[in-house]
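A short worksheet on the structure shown next.
No experiment lies behind these values; they were computed from the predicted model shown. In what follows, chains are A, B, ... by sequence order, proteins preceding strands, each numbered from 1.
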Amino acid sequence: MSTGNEQDVIERIYVVVGQVPPGKVTTYGEVATIVGGGSDARFVGQALGMLGDRASKVPWQRVLSRGGVISTYGGNQRELLGAEGIEFDEKGKVPMDRFRWSGPEKEWAEQHGFQTLPSRGGDKKEEDKSQLSLL
DNA sequence: ATGCTGACTAACA
DNA sequence: TTGTTAGCCAGCA
């Protein structure tokens, strides 16, 4: 089964990105973690780059780089996010502490064969160990 | 096959 | 703080 899963992985990426609710954002790395094998932060970026017509179906604009930085150029990503209520600081970054997507629900992730995010807690104090990766 | 590139990230200086 | 290095996976010359 390690053959030509790329396309399948890409579809999974789109599914995960589609789970990000309006007004929330995530990062390439987080998406890659949820999708799991065969994907990495960079591959997520490539997958979103080949969206084409599906760009209107997948909320690709809610996927940012590490730290809430927009990695796209010459696009209207920031404008789209602003229309959803996302705020930016003076540096043009999104305060992830407030707008970060907590990831898919554990049940949903398990049903679809995805993984939940490792605990990062928006605050660096409360670590909820309920999301143990049991591998 | 080898090497470089890319909507990335973490570690190190 | 910024800049560089290395790791990562897939596509292409």
Side-chain angles (χ1 to χ4, degrees):
Chain A
M1 48 188 240
S2 55
T3 64
N5 290 28
E6 319 83 44
Q7 190 57 49
D8 185 48
V9 172
I10 292 172
E11 291 300 322
R12 289 172 186 263
I13 289 172
Y14 294 163
V15 171
V16 171
V17 174
Q19 293 303 304
V20 183
K24 292 287 183 180
V25 297
T26 187
T27 66
Y28 298 97
E30 304 270 309
V31 173
T33 298
I34 295 169
V35 172
S39 72
D40 69 332
R42 233 164 170 167
F43 189 63
V44 171
Q46 290 189 181
L48 294 180
M50 68 173 77
L51 268 170
D53 297 340
R54 297 178 181 68
S56 59
K57 297 181 179 181
V58 179
W60 58 270
Q61 65 271 26
R62 294 175 195 146
V63 183
L64 308 173
S65 298
R66 190 261 312 174
V69 177
I70 290 179
S71 294
T72 56
Y73 63 95
N76 56 342
Q77 183 170 14
R78 177 168 176 166
E79 191 175 303
L80 291 171
L81 293 175
E84 296 185 354
I86 304 295
E87 300 172 18
F88 295 82
D89 61 18
E90 302 78 26
K91 299 173 184 175
K93 297 180 10 182
V94 174
M96 298 300 282
D97 295 334
R98 293 181 49 189
F99 298 101
R100 177 175 170 279
W101 178 45
S102 301
E105 294 181 8
K106 189 168 183 282
E107 294 182 4
W108 183 91
E110 291 182 354
Q111 290 177 358
H112 292 260
F114 290 117
Q115 183 176 355
T116 51
L117 256 34
S119 343
R120 289 171 170 235
D123 302 24
K124 48 269 248 40
K125 320 178 86 167
E126 291 292 314
E127 296 262 351
D128 186 351
K129 58 256 201 127
S130 63
Q131 311 193 44
L132 257 187
S133 0
L134 176 65
L135 292 183

Could you check whether [X] gets within reach of a base, just the sugar-phosphate, or nothing at all, counting any heavy atom under 4.0 Å?
X	value
A:Y28	base
A:G29	sugar-phosphate
A:G75	nothing

Working to the nearest 0.5 angstrom, can you tell me the gap between [X] [atom1] and [Y] [atom2]?
X	Y	atom1	atom2	value
A:I70	A:Q77	CD1	CD	4.5 Å
A:Y28	A:Q46	OH	CD	11.5 Å
A:F114	A:T33	CZ	OG1	13.0 Å
A:E84	A:L80	CD	CG	7.0 Å

Protein-nucleotide distance ([X], atom [atom1]; [N], atom [atom2]), rounded to Å:
X	N	atom1	atom2	value
A:K93	B:dT9	NZ	P	12 Å
A:I10	B:dG6	CD1	C1'	14 Å
A:R66	C:dT2	CZ	C1'	12 Å
A:F43	B:dT5	CZ	C1'	15 Å
A:D40	B:dT5	CG	P	18 Å
A:I13	B:dG6	CD1	P	19 Å
A:L51	B:dG6	CG	P	19 Å
A:Q77	B:dC8	CD	C1'	14 Å

Taking N or O atoms only and anything under 3.5 Å, show me the protein contacts with nucleotides 11-13 of chain B, one pair per line.
none

* Flag the pair A:I10 / A:M50 as yes when at least one side-chain heavy-atom distance between them is below 4.5 Å, and no otherwise. =>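 A side-chain contact exists here, since the closest heavy-atom pair is under 4.5 Å.
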* Tell me, please, whether A:F88 has A:R78 positioned over its six-membered ring: NZ or CZ under 6.0 Å from the ring centre and within 45 degrees of its axis? =>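 Yes; both conditions hold, so A:R78 lies above the ring face of A:F88.
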* Check for a donor-acceptor pair, side chain of A:D89 on one end and backbone N or O of A:K93 on the other, with a separation under 3.5 Å. =>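 Yes: the side chain of A:D89 pairs with the backbone of A:K93.
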* Of A:R42 and A:Q46, whose closest DNA chain C nucleotide lies nearer the 5' terminus? ->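 Taking each residue's closest nucleotide, the earlier one in sequence belongs to A:R42.
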* Using heavy atoms to find the nearest nucleotide of DNA chain C for A:K91 and A:M50 separately, return the residue whose nucleotide is more 5′. =>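 It is A:K91 whose nearest nucleotide is closer to the 5' end.
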* Gap in Å between the two P atoms, one belonging to B:dA7 and one to C:dT2, rounded ->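 These two P atoms come out 22 Å apart once rounded.
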